[in-house]
Amino acid sequence: MPEPPAHPLAPGPSAAATPAATRPARRGESEPARPAAPEPARLGEPGRTGGPVVWWRRRSLRFRLTATATAVLALALAASAYVFVVVLGESLIRNIDDQVYQRGREIVALSDAGRLPDPVPSVNNTIVQVLGPDGRIVDATSDTDRLVPLLPARERESAARTGAPQFVNGRPYALPGPLRVRVLSADHGVTVIVARSFTEVESSLVTTGHVLLAGMPLLLALLAAASWLVIGRTLRPIALLRRGAAAVGGTARSRRLPVPEARDEVHALATTLNDMLGRLEEAEARQRALVSDAAHELRSPLASIRLQLEVALSHPEGQDWTETAEGVLEDTLRLSRLAEDLLALARLDEGRLSRREPVDLGVLARRTAERYDLGLDLDLDLGSDPGSGVAAGQAPVVLGDELDLRRVLTNLVDNALRHAASAVRLGVRTGGAAGAGVAELTVTDDGPGVPPEDRERVFDRFTRLDDARSRDDGGAGLGLAIVRTTVEAHGGTVHLEDASPGLRAVVRLPLAR
């Protein structure tokens, strides 16, 4: 019975069979989601391999050193074994050729003298065939064929003409293995063929190769184990350093890393790290001392300001507010100077300068002298030594921050003025005791001076030799500390020396090239 015709609007079999994910979406239907393409693997992500290079880099140093040493040794042993076998084979072949040649010369001499025995005696397993002018065998050793020559006529003529030995397969002649054959010519058209079996040499080479193939893995395993142990013992000090470094923490700042006895690179590394820990400990101690001293210095003016204000507010009717304001202003200025000094030290401790520009020390000294009009003897002495590169009467020029160098000179002059009896003298010169290429700046006063044992201590922060008088004069003990830190940031030095009478501060800076 025939099937009824399909309705023209009914979907055909191709449309019904089309999956929803592959056929286009109809109007009013939502577009089916397409499967996302897999992302390419990224190097270093967990769960994804990065190739043999990444795998190799993730191995321990001990493993990599041992594997590298073993691989290099394996290549060296393989190359050495190959060369050894080749050289041994050539030596054995040369030895056989010499024996064959000597035996051939003996047979030729006997043939020429007509004293050749029949059969020819075999010496050292040497095979001999003597052929007449017609190419037939006339004499031979008992262990060879007397009918068929070892070489055909054409090959015999070529070998006799060149005199070079050659290999011949001995199996067609009922002889074991290959033969080393040489052809010599005698008188009256006689030809002598001398041969010797190569089986012994071949067996020796095969045995040697087997011994090397069996022994090399054992030797490599032994050497790999020895390398593993030696490298492990070599890296043990580094493991001790790692454990020691892990033990150094916030509660064990004074601990040091273990130093190995051997005077090698690890010993130098441990010493360097211990020196670094010492410097960090000193820097941390200086930082804690600075914070403590700064807090102590800040507490005094703040307490003074608080006290004055509390008294003024408690008795406002009998208070002189102008005097109170002046006292508060004085303590505020003291706080401001202390904050500026602390900020300057913080910037200089970073070891960087705001700018580097040519600074004329003569101009800087003159301007500083003009600022202080206190009736003291402020004199400027410009001198120059021959060979310094600076003309007489001309001040030297250095590279640095002019504001910082001005602060250095100001702090030195302020310190000298506080202790001078009648005069303060500024000096600028080059050469001399400072040496070539160095500028020297001096500030001298005629005061009581500083004892020799305290001339280095005064450069420490918050150091006062006369604590009460320094507080009254407004000093916080940071002036000379700022001087030394600034000068060292400019690549120079500063020290105090006796001026008889008084004290001299000497600053030395490198000249600008």
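Throughout, residue positions are numbered sequentially from 1 according to the sequence presented. As the structure is a prediction and not an experimental result, all values here were calculated from the model.
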(request) Please collect all salt bridge (charged side-chain N to carboxylate O under 4.0 Å, His left out) contacts where either partner lies in residues 216-225, sequence neighbours excluded, each pair once. (result) none
(request) Grab the two heavy atoms, one from Ser197 and one from Leu179, that are nearest each other, plus how far apart they are. (result) CA-CD2, 3.7 Å
(message) Under a 3.5 Å distance rule, please check whether Ser203 uses its side chain to pair with a backbone N or O of Thr199 as donor and acceptor.
(response) no
(request) May I ask you to decide if Leu257's main-chain N or O and Asn274's side chain share a donor-acceptor pair within less than 3.5 Å? (result) yes
(request) Scan residues 72-94 for pairs that pass side chain to side chain donor-acceptor pair (under 3.5 Å), counting only residues two or more places apart or in two chains. (result) none
(request) Identify the residue among Val507, Leu364, Thr442, Leu441 that makes a side-chain contact (heavy atoms from CB on, under 4.5 Å) with Val428. (result) Leu441
(message) Measuring from atom CG of Leu235 to atom CD1 of Ile231, what distance do you get when rounded to the nearest 0.5 angstrom?
(response) 7.0 Å
(request) Give a yes or no on whether a salt bridge exists between Asp401 and Arg356, defined as a side-chain N under 4.0 angstrom from a carboxylate O. (result) no
(request) Give a yes or no answer on whether the side chain of Ser227 reaches the backbone of Leu223 with a donor-acceptor pair at less than 3.5 Å. (result) yes
(message) Under the criterion side-chain contact (heavy atoms from CB on, under 4.5 Å), I'd like the reasoning laid out for Leu480 against Asn411: C-alpha separation, chi angles, the key distance, then a yes or no.
(response) CA-CA 7 Å; Leu480 292 180; Asn411 287 355; 5.9 Å; no
(request) Output the distance between atom CZ (Arg182) and atom OH (Tyr101), rounded to the nearest 0.5 Å. (result) 6.5 Å
(request) For Asp112 and Asp187, indicate whether the former's side chain and the latter's backbone hold a donor-acceptor pair under 3.5 Å. (result) yes
(request) Using a strict cut-off of less than 4.0 Å between a Lys/Arg side-chain nitrogen and an Asp/Glu carboxylate oxygen, indicate whether Arg407 and Glu340 qualify as a salt bridge. (result) no
(request) To the nearest 0.5 Å, tell me how far Thr271 OG1 sits from Met276 CE. (result) 12.5 Å
(message) Both conditions, 6.0 Å and 45 degrees, for the charged tip of Arg484 above the ring of Phe459: are they met here?
(response) yes
(request) Output the distance between atom CG (Asp139) and atom CG (Leu116), rounded to the nearest 0.5 Å. (result) 4.5 Å
(request) Kindly say whether Trp55 contributes a backbone atom to a donor-acceptor pair with the side chain of Arg59 at under 3.5 angstrom? (result) yes
(request) Could you walk me through whether Ile193 and Val181 pass side-chain contact (heavy atoms from CB on, under 4.5 Å), step by step? (result) CA-CA 7 Å; Ile193 301 177; Val181 179; 3.7 Å; yes
(message) With a sphere of 6.0 Å drawn around CD of Glu453, does it hold more than 12 non-hydrogen atoms of other residues, nucleotides or ligands?
(response) yes
(message) Going by the rule side chain to side chain donor-acceptor pair (under 3.5 Å), which residues pair with Asp275 if we only count those two or more places apart in sequence or in a different chain?
(response) none
(request) Test Glu281 against Arg256 for side-chain contact (heavy atoms from CB on, under 4.5 Å), laying out the working first. (result) CA-CA 11 Å; Glu281 185 179 359; Arg256 293 295 182 266; 2.8 Å; yes
(message) Would you compute the distance between atom CD of Glu402 and atom CG of Leu361 and round it to the nearest 0.5 angstrom?
(response) 10.0 Å
(message) Would you compute the distance between atom CD1 of Ile127 and atom CG of Leu175 and round it to the nearest 0.5 angstrom?
(response) 4.5 Å
(message) For a quick test of reading the model, state the closest non-hydrogen atom pair linking Thr430 to Pro396 and the distance between them.
(response) CG2-CB, 3.2 Å
(request) Using the test side chain to side chain donor-acceptor pair (under 3.5 Å), find all partners of Asp143 that sit at least two apart in sequence or belong to another chain. (result) Thr141
(request) Mind jotting down which residue pairs meet the salt bridge (charged side-chain N to carboxylate O under 4.0 Å, His left out) criterion with at least one end in residues 148-175? Sequence neighbours excluded, please. (result) none
(request) Locate the shortest heavy-atom distance separating Leu150 from Ala195; write the atom from each residue and the value. (result) CD1-CB, 3.8 Å
(message) Using a 3.5 Å distance criterion without hydrogens, assess whether the side chain of His490 forms a donor-acceptor pair with backbone atoms of Val398.
(response) no
(request) For the pair Arg62 (side chain) and Trp228 (backbone), establish whether a donor and an acceptor sit closer than 3.5 Å, ignoring hydrogens and angles. (result) yes
(request) Report the C-alpha distance between Thr191 and Val183 in whole Å, list the side-chain angles of each, state the deciding distance to 0.1 Å, and finish with yes or no for side-chain contact (heavy atoms from CB on, under 4.5 Å). (result) CA-CA 7 Å; Thr191 302; Val183 180; 3.5 Å; yes
(message) Looking at Thr68 and Arg64, would you say the former's side chain and the latter's main chain have a donor-acceptor pair under 3.5 Å?
(response) yes
(request) Apply side chain to side chain donor-acceptor pair (under 3.5 Å) to Asp118 and list each qualifying residue two or more places apart in sequence or on a separate chain. (result) Arg146
(message) What I'd like to find out is whether the side chain of Arg508 reaches to under 4.5 Å of the side chain of Val494, using heavy atoms alone.
(response) no
(message) Side chains of Val359 and Val397, heavy atoms from C-beta outward: is any pair under 4.5 Å?
(response) no
(request) Indicate the atoms forming the closest heavy-atom contact of Met216 with Ala78, along with that distance. (result) CE-N, 3.6 Å
(message) So for atom CD, which belongs to Glu357, do other residues, nucleotides or ligands contribute more than 12 heavy atoms lying within a distance under 6.0 Å?
(response) yes
(message) I need the minimum non-hydrogen distance between Leu511 and Ala439, along with the two atoms involved.
(response) CD2-CB, 3.7 Å
(request) Would you please say whether a donor-acceptor pair under 3.5 Å links the side chains of Thr144 and Gln129? (result) yes
(request) Provide the closest heavy-atom pair for Pro172 versus Asn169 in the form atom of the first, atom of the second, distance. (result) CD-O, 3.4 Å
(request) Report yes or no: does Arg136 contribute a side-chain atom to a donor-acceptor pair with the main-chain N or O of Leu131 at less than 3.5 Å? (result) no
(request) Would you indicate whether the side-chain heavy atoms of Phe198 and Leu92 approach each other to under 4.5 Å? (result) no
